[in-house]
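Some notes on the structure that comes next.
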Amino acid sequence: MSLWLAFFLLSFGILTRLAPIAGFNAWPWHFAALTALALCGGALVHRPIALFLPVIALALSDLLLNLHYGASLLDWTSVPRLAVLFATAFLGSRLVAGGNLRLAPLLTASVGSSIAFYLVTNSVCWWSDPGYAKTMTGWGQALSTGLPGYPPTWTFLRNSLIGDLGFSFLFYASIRLGARSERPSAAPVETVAHV
């Protein structure tokens, strides 16, 4: 079951990331299951592959997005994103206490992971994009309004937080419902008459 779950999470993470370019114009940017995939995959898939699920999903979706936009297929700025997702998956693997995943720590870790991803990726953009001044003011711009002609970067944080919390809860609820439906029902006790 873990491999099927891993395949589902991987596919779902890629599809949600590609939704805005796949004709779902109303799908908000950064409302994706990628960080939730890293966190829940790390917590729920009990194999070393769980740590690599988000890295694979990001690499595949980056490749397709870059092809779509005509960007370079390989970009050094992907490395920090991959590192944050790998760390998120590792955090997820530590959330399972005694074989049990609890909702409150999962959602708390989801918020923390979203914020970490946002801070790292926007800091890398600030450092690498010549449109930002390499000052604290420029960094503040990278974390709030972004560059002119693009949506404010705070909207990406908002969409990421909503998406990560929502998808983490969805993964958690699905696993709980699946576990509940797989529980064996109590077998009727047969009585044997002794003569």
Does the pair Thr16 and Leu34 meet the rule for a side-chain contact (heavy atoms from CB on, under 4.5 Å), with working shown? CA-CA 8 Å; Thr16 58; Leu34 199 57; 6.0 Å; no
As a quick check of understanding, evaluate side-chain contact (heavy atoms from CB on, under 4.5 Å) for Leu147 and Gln141, giving each step before the final call. CA-CA 8 Å; Leu147 293 173; Gln141 178 188 359; 4.2 Å; yes
Would Ile14 and Leu18 satisfy side-chain contact (heavy atoms from CB on, under 4.5 Å), going step by step from the backbone distance to the final call? CA-CA 6 Å; Ile14 292 170; Leu18 298 178; 3.7 Å; yes
Intermediate values then yes/no, side-chain contact (heavy atoms from CB on, under 4.5 Å), Ile115 and Leu119: CA-CA 6 Å; Ile115 293 170; Leu119 288 173; 3.9 Å; yes
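Scored by the side-chain contact (heavy atoms from CB on, under 4.5 Å) test, Tyr172 finds Leu101, Leu103, Leu106, Arg176 as partners (sequence neighbours excluded). Partners of Ser128 by side chain to side chain donor-acceptor pair (under 3.5 Å), not counting sequence neighbours: none found. In this view, Ser123 and Trp139 satisfy the side chain to side chain donor-acceptor pair (under 3.5 Å) rule, not counting sequence neighbours. Every residue two or more places apart in sequence or in another chain that forms a ring pair (Phe, Tyr, Trp, His ring centres under 6.0 Å) with Phe171 is listed here: Phe12. Taking the side chain to side chain donor-acceptor pair (under 3.5 Å) definition, one finds that Asp62 meets it with Arg17, Ser78, Arg81, sequence neighbours left out.
Closest approach of Gly140 and Ser144 over heavy atoms only: O-OG, 2.6 Å. In this structure, Phe117 and Leu85 approach most closely via the heavy-atom pair CE1-CG, 4.0 Å. Nearest approach of Trp126 to Ala142, heavy atoms of both residues: CB-CB, 3.5 Å. When all heavy atoms of Leu39 and Ser113 are compared, the pair lying nearest together is CD1-OG, 4.3 Å. Shown here for Leu37 and Ala57, the closest heavy-atom pair between the two residues is CD2-CB, 3.6 Å. Pairing each heavy atom of Ala36 with each of Phe167, the nearest pair is CB-CB, 3.6 Å.
A distance of 10.0 Å separates OH of Tyr118 from CG of Leu161, quoted to the nearest 0.5 Å. Atom OG of residue Ser114 and atom CZ of residue Phe156 lie 14.5 Å apart, to the nearest 0.5 angstrom. How far CG of Leu95 is from CG of Leu91: 5.0 Å, rounded to the nearest 0.5 Å. If you take CG on Leu107 and CZ on Arg102, they are separated by 12.0 Å, rounding to the nearest 0.5 Å.
No chain of hydrophobic side-chain contacts below 4.5 Å, direct or via other Ile, Leu, Val, Met, Phe, Trp or Tyr residues, connects Tyr150 to Trp154. Hydrophobic clustering places Trp127 together with Met136 (ILVMFWY residues linked when any side-chain heavy atoms are closer than 4.5 Å, directly or through intermediates). Hydrophobic clustering (ILVMFWY, side-chain heavy atoms < 4.5 Å, transitive): Leu60 and Tyr69 are in one cluster.
Among Thr35, Leu170, Val111, the single residue meeting the side-chain contact (heavy atoms from CB on, under 4.5 Å) criterion with Leu165 is Val111.
Within the structure, salt bridge (Lys or Arg N to Asp or Glu O under 4.0 Å) pairs that include any residue of residues 161-174 do not occur (at least two apart or interchain).
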